Amino acid sequence: LCLAISAKYGDVPSLDILVWSELPTGAGLGSSAAYAVCLAAALLTASGAISCPMKEGDSTARWTEEELSVINSWAFQGERVIHGNPSGVDNAVGTWGGALRYQSGKITPLKRVPTLRILLTNTKVPRSTKVLVAGVKEKILKFPAIMNPVLDSVDAISQECQSVLEAMPANPSAEYYPVLE
C-alpha cells in the first residue's frame with residue numbers, strides 16, 4: 001500500500017506505524033480489514049491525498065464521503081493482497097461502520113438499524129478467509145445445481161433480516177428477536 005499510494009499521490013514521508021488490536025486474527029471478525037482501513041487512512045493522510053479531519057481541541061472528526069471512498073478503495077486493495085478475492089464488505093464496514101447489505105458486488109448501507117446486543121464467541125479455531133472464499137467459489141463452479149439454491153436461500157434470509165432490522169426502530173417489539181434468531 002505504501003508503495004502504491006506513493007506512486008499515485010507522491011512520496012509518503014518516512015514514518016513509523018504502530019498497530020495493535022483487540023480483534024483476534026484468523027477468527028473471521030474482519031481484523032485484516034480493520035488493519036487495511038487504518039493503514040490506508042494513515043498513508044493517505046501522510047501523503048496529503050486526504051485531509052486530516054481532526055483539529056486541535058476536537059474530540060471527534062470525520063472524513064468527507066469522497067475521502068472515505070478513497071480510503072475504502074485502498075483498503076480493498078490491501079484486502080486483495082491478504083485474501084485474494086474478498087467481497088469488499090469487511091473493508092466497507094471498517095470504513096463507514098454500521099450495517100451494510102452486500103449483493104452482487106453492490107454495498108448499500110442499511111438505514112435506521114437498531115442497537116442490538118450481540119454475543120461473539122472466539123472459538124479459537126483458526127481459519128483463512130482466502131481458503132474459505134476459494135472453497136465456496138470452487139463448490140459453486142463444481143455443483144451449481146446444488147449451490148445456487150443455497151445462495152438463493154442465503155439471499156432470502158438476508159432480505160428478511162434487513163426488513164426486520166429496518167422495521168425494529170419504529171416498533172421495538174420483542175416479536176422481532178425470534179425472527180432474527
Side-chain angles (χ1 to χ4, degrees), residues 21-38 40-41 60-69 71-80 82-181:
S21 174
E22 293 181 17
L23 287 176
T25 58
L29 294 176
S31 59
S32 65
Y35 171 74
V37 169
C38 291
T60 62
R62 188 158 177 89
W63 282 286
T64 66
E65 281 300 310
E66 183 180 312
E67 289 172 322
L68 289 170
S69 292
I71 293 167
N72 186 57
S73 67
W74 283 103
F76 180 69
Q77 295 309 314
E79 281 282 83
R80 288 183 65 206
I82 297 167
H83 296 301
N85 189 25
S87 67
V89 171
D90 288 355
N91 52 276
V93 170
T95 301
W96 282 283
L100 305 173
R101 176 176 175 86
Y102 174 84
Q103 184 175 21
S104 303
K106 184 178 178 201
I107 299 171
T108 310
L110 300 185
K111 304 291 184 227
R112 299 181 37 154
V113 174
T115 300
L116 299 172
R117 291 172 53 122
I118 298 174
L119 174 65
L120 290 176
T121 303
N122 185 1
T123 64
K124 303 203 189 294
V125 176
R127 62 191 60 81
S128 165
T129 301
K130 188 175 195 171
V131 170
L132 291 172
V133 168
V136 170
K137 184 168 182 80
E138 179 184 329
K139 284 178 180 57
I140 291 169
L141 293 173
K142 193 171 184 179
F143 305 109
I146 296 168
M147 293 303 294
N148 287 332
V150 169
L151 295 174
D152 290 342
S153 296
V154 169
D155 182 58
I157 291 167
S158 298
Q159 287 182 37
E160 180 65 20
C161 182
Q162 179 178 352
S163 296
V164 169
L165 288 173
E166 290 179 338
M168 286 179 80
N171 178 18
S173 170
E175 69 190 45
Y176 289 121
Y177 288 93
V179 177
L180 291 176
E181 288 176 7

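The structure displayed is predicted, hence computed values, not measured ones.
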Would you indicate whether the side-chain heavy atoms of Gln103 and Arg101 approach each other to under 4.5 Å?
yes

Exercise: identify the closest heavy-atom pair between Ile107 and Gly88:
CD1-O, 3.5 Å

Is the side chain of Ser21 donor-acceptor paired with the backbone N or O of Leu23 at a distance under 3.5 Å, no angle test?
yes

Results of salt bridge (Lys or Arg N to Asp or Glu O under 4.0 Å) for Arg127 - residues two or more places apart only
none

Quick one: CG on Leu110 to CD on Gln162, what's the gap to the nearest 0.5 Å?
4.5 Å

Could you report the tightest heavy-atom contact between Ala36 and Ala75, atom names first, then the distance?
CB-O, 3.6 Å

Close side-chain approach of Ile140 and Leu151, heavy atoms under 4.5 Å:
yes

Short side-chain to backbone donor-acceptor contact, Glu67 and Thr64, under 3.5 Å
yes

Looking only at non-hydrogen atoms, find the nearest pair between Val37 and Gly94 and report the distance.
CG1-O, 3.7 Å

Side chain to side chain donor-acceptor pair (under 3.5 Å): which pairs involve residues 138-151, sequence neighbours left out?
none

Value for CG (Leu165) from SG (Cys161), rounded to nearest 0.5 Å, stands at 4.0 Å

d(Trp63 CH2, Asn72 CG) to nearest 0.5 Å is 12.5 Å

Would you call Phe76 and Pro86 a side-chain contact if the rule is heavy atoms closer than 4.5 Å?
yes

Applying side chain to side chain donor-acceptor pair (under 3.5 Å), which residue pairs with at least one partner in residues 27-38 are found, sequence neighbours left out?
Ser32-Glu79, Ser32-His83

For the CH2 atom of Trp96 and the CG atom of Asn91, what is their distance to the nearest 0.5 Å?
8.5 Å

If you take all heavy atoms of Val89 and Leu100, which pair is closest and at what distance?
O-CD1, 4.3 Å

To check you understand the geometry: which heavy-atom pair defines the closest contact between Tyr102 and Ser87, and what is its length?
CE1-O, 3.4 Å

From Asp152 CG over to Ile157 CD1, what is the distance, rounded to the nearest 0.5 angstrom?
11.0 Å

For Glu175, I'd like to know if atom CD has over 12 heavy atoms of other residues, nucleotides or ligands within 6.0 Å.
yes

Checking Leu116 against Tyr177 for the side chain to side chain contact (heavy atoms under 4.5 Å, CB included) test, could you report, in this order, the C-alpha distance in whole Å, the side-chain angles of both residues, the deciding distance, and whether it holds?
CA-CA 10 Å; Leu116 299 172; Tyr177 288 93; 3.8 Å; yes

So which atom in Ala27 and which in Asn122 form the shortest heavy-atom distance, rounded to 0.1 Å?
CB-OD1, 4.1 Å

Do the side chains of Val113 and Met168 get nearer than 4.5 Å, heavy atoms only?
no

